[in-house]
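Atom set for the values below is all heavy atoms of this structure, side chains included, hydrogens, waters and symmetry mates excluded.
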Amino acid sequence: MDARKNKTFWWRLLFSLFLIISAGIWADGLHAVFYHNKLFGDPLIDSFYGYPARDDEGAPDFPNLSAGQKLLLFGDISKSSKSDKMKGLWDSDPGNPAYFAAYTNAFLADHKKLPPDFLATARRIDPRNSWFTHIAAGVAAKDAVKMRKQSKAERLANKTPEWDVLDEPRSNEALS
């Protein structure tokens, strides 16, 4: 009889642990649903820059940080849009390609286009960095091609996807 009670105890313990872990996974999944529906911010930019999660939030007060450190972490908090915040960071050191990349990401998310004189600026501050060229090509190629649907067998076999060209001049511009 003791062995049976002991077995029941362990099954109840395992079931309880299962419920607790499942609740944690469910709660995390629920957070992801809200997050990706932009109720808590823009996941494209927030994943790069973290805080602030929403445009209406200011930077928290960190008294031990200098003004330069706060600018690096949060951008120019006197501005309202993310691209303006990151422009303030880039303006603090216009020759820094990382700051220009941060500004570019924010500008692209806010305006769905690249900043003015994007490639000329990129070539001036970091001529050998192909990241900027790839971003420009990706923006130019947007909606110019469409990937064909693959069957499950093709995906499992890691077959290279095939693409349909929807706008040939735009596709050629992106590739040049």
Side-chain angles (χ1 to χ4, degrees), residues 27-149 160-176:
D28 185 52
L30 187 61
H31 163 46
V33 166
F34 283 121
Y35 184 75
H36 290 294
N37 285 327
K38 295 187 179 180
L39 295 177
F40 294 119
D42 187 348
L44 202 110
I45 298 302
D46 290 343
S47 63
F48 286 50
Y49 306 110
Y51 198 89
R54 297 191 315 253
D55 287 337
D56 61 342
E57 289 185 50
D61 185 29
F62 291 107
N64 296 334
L65 294 180
S66 69
Q69 290 170 325
K70 288 179 184 178
L71 180 66
L72 182 60
L73 286 173
F74 309 113
D76 184 354
I77 59 173
S78 68
K79 307 293 184 188
S80 60
S81 73
K82 290 187 182 197
S83 59
D84 288 340
K85 288 176 184 178
M86 291 298 115
K87 176 107 170 64
L89 174 64
W90 178 48
D91 286 343
S92 72
D93 185 3
N96 188 325
Y99 292 176
F100 183 61
Y103 167 62
T104 298
N105 281 330
F107 191 92
L108 190 56
D110 284 350
H111 304 285
K112 308 297 183 230
K113 63 180 183 177
L114 292 171
D117 299 326
F118 171 74
L119 281 176
T121 304
R123 288 184 181 121
R124 179 181 48 80
I125 63 174
D126 198 1
R128 297 181 61 194
N129 189 340
S130 64
W131 182 87
F132 296 107
T133 309
H134 284 98
I135 293 296
V139 170
K142 186 175 179 344
D143 299 328
V145 293
K146 181 179 179 183
M147 186 172 69
R148 291 183 187 163
K149 291 190 177 191
T160 303
E162 294 180 5
W163 296 78
D164 291 321
V165 177
L166 305 175
D167 185 347
E168 191 167 344
R170 193 170 179 184
S171 175
N172 289 337
E173 175 193 341
L175 293 173
S176 62

Visitor: Mind listing the side-chain donor-acceptor pairs of residues 122-131 below 3.5 Å, one per line with the distance, residues two or more places apart or on another chain?
Guide:
from, atom 1, to, atom 2, distance (Å)
D126, OD2, N129, ND2, 3.1
N129, OD1, W131, N, 2.9

Visitor: Residues in side chain to side chain donor-acceptor pair (under 3.5 Å) with D91, at least two apart?
Guide: K87

Visitor: How would you list, by chain and number, every residue that makes a side chain to side chain contact (heavy atoms under 4.5 Å, CB included) with P115, sequence neighbours excluded?
Guide: Y103, T104, F107, F118

Visitor: My understanding is that only residues two or more places apart in sequence, or in another chain, count here; which of them pass salt bridge (Lys or Arg N to Asp or Glu O under 4.0 Å) with D167?
Guide: none

Visitor: Would you please name every residue forming a side chain to side chain donor-acceptor pair (under 3.5 Å) with S78, sequence neighbours left out?
Guide: D76

Visitor: Between S171 and A144, what is the shortest heavy-atom contact and its length?
Guide: N-CB, 3.9 Å

Visitor: From I77 CD1 over to K85 NZ, what is the distance, rounded to the nearest 0.5 angstrom?
Guide: 8.5 Å

Visitor: Can you see which heavy atom on A106 is nearest to which on M86, and at what distance?
Guide: CB-CG, 3.8 Å

Visitor: A side-chain contact here means heavy atoms from C-beta on lying under 4.5 Å apart; do N105 and F100 qualify?
Guide: no

Visitor: Output all residues satisfying salt bridge (Lys or Arg N to Asp or Glu O under 4.0 Å) with E168, sequence neighbours left out; order by chain, then residue number.
Guide: none

Visitor: Just jot down the side chain to side chain contact (heavy atoms under 4.5 Å, CB included) partners of Q69, sequence neighbours excluded, or say none.
Guide: L65, S66

Visitor: Which residues pass the salt bridge (Lys or Arg N to Asp or Glu O under 4.0 Å) test with R148, sequence neighbours left out?
Guide: E162, D164

Visitor: Holding to side chain to side chain contact (heavy atoms under 4.5 Å, CB included), I want the full list of residues that pass it with A137, two or more places apart in sequence or in another chain.
Guide: none

Visitor: Mind checking side chain to side chain contact (heavy atoms under 4.5 Å, CB included) for D93 and listing every partner two or more places apart, or none if nothing turns up?
Guide: N96, Y99

Visitor: Under the criterion side-chain contact (heavy atoms from CB on, under 4.5 Å), I'd like the reasoning laid out for L72 against L89: C-alpha separation, chi angles, the key distance, then a yes or no.
Guide: CA-CA 6 Å; L72 182 60; L89 174 64; 4.2 Å; yes

Visitor: What distance do L108 atom CG and S83 atom OG have between them, rounded to the nearest 0.5 Å?
Guide: 10.5 Å

Visitor: Between the main-chain N or O of A109 and the side-chain N or O of K112, is there a donor-acceptor pair closer than 3.5 Å?
Guide: yes

